[in-house]
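See structure below.
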Amino acid sequence: MNTPSSSHDIHNRPLRFITCGSVDDGKSTLIGRLLYDSKALMVDQLDALGRARGAQSRNGQVDLSLVTDGLEAEREQGITIDVAYRYFATPKRKFIIADAPGHEQYTRNMVTGASKSDVAVVLIDVTKLDFTQERVALLPQTKRHTALAGLLRLQHIVVAVNKMDAIGFDATKFERVVRAFGELTASLEIASFTAIPLSALEGDGVVAHTERTAWFQGPALLPHLESLALVEGHAGSHAHIAVQWVTRDNNDDHVRWVTGDVAEAAIAVGDEIRVFPSGASAVVAAIRTGRGTVQQALPGEAVAVRFDRQVDVARGDWIVAGSAAETSAPRQRAQATLAWLDTAPLTVGRRYVVRHGSRWLPARVTAISSRLDLQAGEWRDVGTTDAEDDWAAEPALAPTVNANDLVRAEVEFAQPLPLAAFAESTTLGSFVLVDPGTNATAAAGMIAA
């Protein structure tokens, strides 16, 4: 486990975290408790909750899970279906929370929320675990969400060992859960995590420790989240802009501006850039943002950029800062990890549509090498045959890859793309596969090293 980071590194922007884990582990209740105990709920919100049908929890208090379960179907069934977002702030930090559904059929919603998060708070319900066995077995959805958090390179993973009140806040059982989670993260090559015992229903260990969690040496959940340091980009990374639009000034000069969001690193006037796929080079001559005309734009800012010369740029192109020697050449094939999200199984060799940045183009999965075995918590060979080189060849069904499976595969794109390993660049290293027949999102992809 890692120790909490010091607070002097904390960025001014809100910390984005997602609560995930298996169904009924207490994710929505935990968020409601955080909002309630941090005084982030208004009086009228509490009154509305008190009047809601089925608003009383088993301890006679207001059911705090209803704070995020806003859909009528969610309240009727007592489950989370869609990702719910909530904002709150403490004197030390601002937060944006994503409450992910625990049901396996809504895994795609969890991927959506996690892709924009800095931290994953993985809840584990101790009442669902069998402590009579020598090794504590975690639930499959706990393993799946943890694997996705690792694959999406979230900066921190926090394990909230929930419903400790049901086992008398037994420290020995808590350590057994932590040991089981440590074995899982080791097999998934996740470097570190922090585990915290708590009761979302009663409030122990959420905002502060009580007498029942006094034996735990670390901080409560909220103080730990307040202390986490965030890192923007990666060491040695360059700024990237997925071109959204090209516009012109209304004056006689008709100067062309390239618009999009800055990612990975700051971009500044004077930086050398290359345009992909054309390979044209230029120098940044001016930058406009919501702050006005600036010398430098930061990651996450929407910008309009002017170059020192006329270059051919269109929507879907990539602007990559850095010299030509530091920028890898575009590739048409890549190894990738796929989170398969479609109800239809993956078909090797079939043509899909891929979105990389703002570019859409055909792509296909040419081979499957391995699949994550959630029971064993490790990757196992699949052994499917490669697809024919001919794009018109008959596709081969891969029955082992179904909805919510995680697989390692080779993907071929119709045109070369400026790809990078997801561990080095979340923008250049990620893509989405879409089924052209149904327009359903088939998979989220992450380029391997």
Side-chain angles (χ1 to χ4, degrees), residues 20 100 104-115 140-141 143-154 187-190 331-357 359-374 376-387 391 395-414 417 419-449:
C20 50
E104 183 177 345
Q105 70 186 94
Y106 302 123
T107 298
R108 64 171 61 228
N109 295 358
M110 180 271 173
V111 174
T112 300
S115 66
Q141 196 69 340
K143 296 178 181 179
R144 180 179 285 108
H145 282 190
T146 302
L148 287 168
L151 290 171
L152 291 169
R153 301 286 174 175
L154 271 65
S187 66
L188 296 174
E189 299 179 353
I190 295 174
R331 288 182 289 157
Q332 200 160 346
R333 284 177 178 261
Q335 298 294 324
T337 301
L338 300 179
W340 196 254
L341 306 174
D342 201 354
T343 53
L346 169 60
T347 303
V348 174
R350 182 191 173 195
R351 182 176 297 198
Y352 292 92
V353 177
V354 69
R355 177 173 179 174
H356 181 250
R359 176 177 289 265
W360 293 87
L361 71 161
R364 63 177 188 158
V365 178
T366 57
I368 305 293
S369 59
S370 59
R371 174 176 177 268
L372 181 62
D373 184 337
L374 290 177
E378 61 185 27
W379 293 91
R380 296 192 184 277
D381 291 342
V382 174
T384 59
T385 56
D386 293 353
W391 280 62
L397 185 64
T400 56
V401 184
N402 297 302
N404 303 318
D405 281 347
L406 298 173
V407 297
R408 289 170 174 165
E410 182 182 70
V411 182
E412 181 183 11
F413 305 97
L417 294 172
L419 304 173
F422 187 78
E424 300 172 0
S425 172
T426 56
T427 52
L428 295 179
S430 61
F431 60 91
V432 174
L433 283 180
V434 175
D435 187 321
T438 62
N439 287 326
T441 301
M446 293 143 279
I447 302 296

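Everything numeric here is computed off the predicted structure, so don't read it as measured data.
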Interatomic spacing from [atom1] in [X] to [atom2] in [Y] - rounded to 0.5 Å:
X: Arg350; Y: Asp435; atom1: CZ; atom2: CG; answer: 4.0 Å
X: Leu148; Y: Gln141; atom1: CG; atom2: CD; answer: 8.5 Å
X: Lys143; Y: Ser187; atom1: NZ; atom2: OG; answer: 8.5 Å

Exactly one of Arg144, Arg380, Arg371 clears salt bridge (Lys or Arg N to Asp or Glu O under 4.0 Å) with Asp405, and that residue is Arg371
Sub-3.5 Å donor-acceptor pair from the side chain of Glu410 to the main-chain atoms of Gln335, do we have one?
-> no
4.5 Å side-chain heavy-atom contact, [X] and [Y]:
X: Ile447; Y: His356; value: no
X: Asp342; Y: Tyr352; value: no
X: Val354; Y: Leu433; value: yes
X: Trp360; Y: Val432; value: no
X: Val407; Y: Trp340; value: no
X: Thr337; Y: Phe422; value: no
X: Leu372; Y: Leu188; value: yes
X: Asn402; Y: Pro345; value: yes

